[in-house]
Structures are given as structure tokens and as C-alpha cells.
Amino acid sequence: MTALPLSGVTVVSVEQAVAAPFATRQLADLGARVIKVERPGGGDFARRYDTSVHGHSSYFVWLNRSKESVTLDLKNPRGRELLEDLLAGADVFVQNLAPGAAARLGLDNASLTKRHTSLIPCTVSGYGTSGPWADRKAYDLLVQCQTGLVSLTGTPEETARVGVSIADISAGMYAYSGILAALYTRAMTGVARAVEVSLFEALAEWMSQPAYYTRYGGAQPARVGTQHATIAPYGAYTAADDKQVLFSIQNEREWAALCEQFLERPELTEDPRFSTGSARAAHREELNEIVTARFRRSDSGAVMKLLDGAGIANAGVNDVREFVDHPVLAERGRWHEVGVPGAVVQALQPPADLAGVSPRMAPVPAAGEHTERILTELGLTAAQIEGLHADGAI
């Protein structure tokens, strides 16, 4: 079997919630050994977000497979010493502690690079470790609000949050790619560079298109539900069987095909209200009336068949159950079994396929499941470990 790309890389993480665990889980998928440091007596609070997966949190199951869990009380001097021992043998350290906590523990990037010159430390924060909001707590929905994303999401009447933890996910993705770049840099130059990512700045990058549109266009994109704010027609419409089908027109060739083969009104291609992308967006309401009337003449299956025949991208509007049972996931073998304490679940394989490499899909750990084994690796005896238990350090 081909070795996983990050085999031999050790990651120590003091992580919680979503952003940092998402970054380290992706490192574990590629073969890194990820040692997750959790609080004694409960561990990562994301373990208790819900109990939907055989009694376990859906968030935790998603984010923490293939990791080893050790419990350490970092406020206990002996627990803090044990973390330092782990860091001495690590390649990467990741943390997303509350504002100021890492610095108080000496786990901020600047302190770590002085003590461990070959270690790549990664800090995931809310609004950055400097600047006017460095001390503010940040959760996903707060950041969605601060970046303006919520103002773009929903209907004309009401705003809405994005239905997944998009700020956390984006920060986790940038932390992951930053760590990979830092590992490559260290391998090429011998220099270990620290990585810092904030939820706010990660999602700010994803807000660039509406930011440009607003700054230079004079007004921000409107909230239009399942319609696209600046491209028309691009959205979901209801067919005769009351099922929704979403389709998208991206260029003039597709617009002409839609007019001729679906709308059965080829003259619309010459109508000045609809002759360019900008004109169609400006006359969205009139265009939507035409498209809606056509949709109401056919059921969703017939609509999709006609759109397919015209070369127009389209899709039914699935609920989550329909997504889970999607034939693409089934027929491409994307679901794999992963163990959780006391059960087995189906988990999605990572989306990036490396030729000849199968990602690691190892179990989700119980809190502290690997504490004694890892401390034994550090040279502690059974008696010393028992003493640490008695002292509350682990």
C-alpha cells in the first residue's frame, strides 16, 4: 500500500469546537498522527453539542476521526509540563483557545517558536491576535454577521444564517493549507514558519466578490432567496408537480438555447430587456414571470429532461435525506465505515483524491482514550501515571 503523504508527521492540538479540529482532521486523513489534548472530565465541549449519532455529537464525529485523545489539565503545572514534552517531539502545534489564553500558557506562536525552533505553530483566532478586536470572542454566526454574509442571505423580507458553520469551515481550510505550506517550506529550507488564521479574515476572503460589487457598483447585492443576486435567470422555480428545479444561465449561448428549446420563445434573444447578462439581471422580475409560467406547464422530471436536452445546467432542490442518499455518493463509493465509541457510522471520504492513496478513516476517540499509552511513550511509569490521575493533572 502507498504510504500516506503525511506519515511520520506528528501534530499536537489544543483544540475545541470546529475550526481547528477541521484543520487537524484533514491532516489526520493524510496520515499525520494527531494527538488531541482535551480537558479532563469532559474533553472538547463539541462532544456535547448534540447526541444524534449513537449518543455522540454530529459535529464531533465529523471532525475528530483518526485522532488520539489525551486529557491534560493545562492549568496544572504537571499537565503543562507534559504538554511541553509532547511538543518536543511534534512537527505541528494547533490551538484555538479563547482570546489571551494561549499567551498566558506560553502557547502563542511567538513563545513557541523561541522554545521549539523546528515546530510549526498554528493559531486559529476569531479576529486575529492583534488589532482592535483581538480580545473578542468569535463564534461562527457572529462572524457571518460581522462580514456582512447574513445581510446577503435569505429573502427580501428576512435575513438568514448560512446553514453550515461556514466561518469555522473556511478558517479550518486555510489553517490546513497554511500548515501544508509551512511543512513544505520547512522541508525545502529548514525554516519552520508559524501560521495564523482568523475566522473573520478567512470568511472575509470568501466575501470578496460581493465586497468588490458593493464598493465599486454602488450598492450591495440584493437578498433574493434561491435566486442568484447578480445573474439571471439563475435560481429555483416550481414545476407543475410543486417540486423545485434550479437552473443557471451563464452565457449567451445558453440563453439562446433556453429561449428556443425550453421557453419556446426564440424572439426573447433579441428583446433588449434580456439581450445581455446585465439586462437580464436588471429585468429579473419580468424574466421570472416568463420562466415561472413555463415551469408551471410541466412537471419537474419533464423540466429537467428539457433543460438537459438544451445543455442547461440544472438540479432538483434536495433536502438533507436526499443528499445523503445521492446516487453520486453511492456509486462513486464515497461513504466509508468509521468507528465511534460503541458503534460504527458511515462517513464521507475526503473530497480530494490522490492517485494511489486511500485516506485514513480511523475511529473517533473517546475523551482521554489514549492518555496512558501516550504518557507511557513519554517514559512515564504506571505509578507516575496513577499519581497524575490522583493530582488531577490528567
Side-chain angles (χ1 to χ4, degrees), residues 17-19 22-23 46 49-50 52 58-59 62-63 96 124-128 133 136-175 197-238 242-250 277-278 280-285 287-289 291-292 295 313-324 326 348 351:
V18 176
F22 188 41
Y49 277 166
D50 61 74
S52 62
S58 56
Y59 281 90
W62 164 41
L63 297 165
N96 64 335
V124 180
S125 66
Y127 296 100
W133 283 34
R136 291 178 72 100
K137 287 186 176 181
Y139 300 121
D140 184 87
L141 184 51
L142 301 178
V143 175
Q144 288 192 37
C145 290
Q146 284 297 311
T147 57
L149 178 59
V150 167
S151 77
L152 299 176
T153 309
T155 65
E157 295 74 32
E158 187 175 8
T159 59
R161 68 177 286 270
V162 175
V164 296
S165 301
I166 192 169
D168 287 313
I169 292 167
S170 62
M173 288 299 303
Y174 286 119
V197 177
S198 77
L199 273 68
F200 180 79
E201 288 160 354
L203 195 54
E205 166 67 18
W206 289 18
M207 285 290 293
S208 291
Q209 182 274 324
Y212 284 127
Y213 185 96
T214 302
R215 172 167 284 185
Y216 300 105
Q220 77 172 47
R223 289 192 306 277
V224 288
T226 56
Q227 300 277 313
H228 193 286
T230 59
I231 301 173
Y234 188 163
Y237 299 85
T238 303
D242 290 330
K243 294 182 179 179
Q244 287 195 314
V245 176
L246 186 143
F247 77 96
S248 169
I249 296 300
Q250 297 281 310
S278 296
R280 290 191 291 276
H283 296 89
R284 177 191 306 277
E285 291 186 10
L287 182 54
N288 278 345
E289 289 179 4
V291 175
T292 297
F295 261 65
N314 66 90
V317 181
N318 287 345
D319 61 21
V320 178
R321 172 57 61 189
E322 289 169 319
F323 153 69
V324 167
H326 203 289
L348 283 169

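- Checked by atom type and distance alone, the side chain of Gln220 never pairs as donor or acceptor with a backbone atom of Leu152 at under 3.5 Å.
- Once rounded to the nearest 0.5 Å, the distance linking CH2 of Trp62 with OG of Ser165 reads 6.0 Å.
- Residues Val18 and Leu63 meet the side-chain proximity criterion, which asks for heavy atoms closer than 4.5 Å.
- Rounding to the nearest 0.5 Å places CE of Met207 at 6.0 Å from OG of Ser151.
- Judged purely by atom type and a 3.5 angstrom limit, Asp140 uses its side chain to pair as donor or acceptor with the backbone of Ile166.
- Shortest non-hydrogen contact noted between Leu142 and Lys137 is CD1-O, 4.2 Å.
- Put simply, the side chain of Asp168 does not reach to within 4.5 Å of the side chain of Val124, judged on heavy atoms.
- Going from atom NE2 of His228 over to atom CG of Leu246 covers 10.5 Å, rounded to the nearest 0.5 Å.
- When the ring pair (Phe, Tyr, Trp, His ring centres under 6.0 Å) test is applied to Tyr59, the partners found at least two apart in sequence or on another chain are Tyr49.
- Across all non-hydrogen atoms, the minimal contact from Val150 to Arg161 is CG2-CA, 4.3 Å.
- A donor-acceptor distance shorter than 3.5 angstrom exists from the side chain of Arg223 to the backbone of Pro156, with no hydrogens or angles considered.
- Annotation: ring pair (Phe, Tyr, Trp, His ring centres under 6.0 Å) contacts of His283 (sequence neighbours excluded): none.
- At distances below 3.5 Å, at least one donor-acceptor pair connects side-chain atoms of Asp50 with backbone N or O atoms of Ser58.
- Heavy atoms of other residues, nucleotides or ligands lying less than 6.0 angstrom from CD of Glu322 number more than 12.
- By the salt bridge (Lys or Arg N to Asp or Glu O under 4.0 Å) test, Arg284 is found to be paired with no residue, residues two or more places apart in sequence or in another chain being considered.
- Side chain of Ser208 to main chain of Glu205: a donor-acceptor pair is present (N/O by atom type, distance under 3.5 Å, no hydrogens or angles).
- Qualifying ring pair (Phe, Tyr, Trp, His ring centres under 6.0 Å) partners for Tyr237, counting only residues two or more places apart in sequence or in other chains: Phe247, Phe295.
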For Thr155 and Glu158: C-alpha separation, side-chain torsions, deciding distance, then whether side-chain contact (heavy atoms from CB on, under 4.5 Å) applies. CA-CA 5 Å; Thr155 65; Glu158 187 175 8; 4.1 Å; yes
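- The side-chain heavy atoms of Thr238 and Thr292, taken from C-beta on, include no pair separated by under 4.5 Å.
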Run the side-chain contact (heavy atoms from CB on, under 4.5 Å) check on Tyr174 and Glu201 step by step: do they pass? CA-CA 10 Å; Tyr174 286 119; Glu201 288 160 354; over 6 Å; no
Could you walk me through whether Thr147 and Phe200 pass side-chain contact (heavy atoms from CB on, under 4.5 Å), step by step? CA-CA 7 Å; Thr147 57; Phe200 180 79; 3.7 Å; yes
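- Partners of Thr214 by side-chain hydrogen bond (donor to acceptor under 3.5 Å, both in side chains), not counting sequence neighbours: none found.
- Side chains of Gln146 and Tyr127 form a contact here, defined as non-hydrogen atoms less than 4.5 Å apart.
- Summarising the geometry, atom CG belonging to Asn288 is positioned 12.5 Å from atom CZ belonging to Arg280; distances are rounded to the nearest 0.5 Å.
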I would like to know whether Thr226 and Val317 meet side-chain contact (heavy atoms from CB on, under 4.5 Å); could you show each step before the answer? CA-CA 10 Å; Thr226 56; Val317 181; 5.9 Å; no
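- For the atom pair Tyr139 OH and Cys145 SG, the distance stands at 14.5 Å (nearest 0.5 Å).
- Of all heavy-atom pairs between Gly172 and Ala23, the closest is O-CB, 3.4 Å.
- Atom CD1 of residue Ile231 and atom CD of residue Gln250 lie 5.0 Å apart, to the nearest 0.5 angstrom.
- When all heavy atoms are compared, the tightest approach of Pro233 to Val291 is CB-CG2, 4.5 Å.
- Considering only residues two or more places apart in sequence or on other chains, Asp319 meets the salt bridge (Lys or Arg N to Asp or Glu O under 4.0 Å) condition with none of them.
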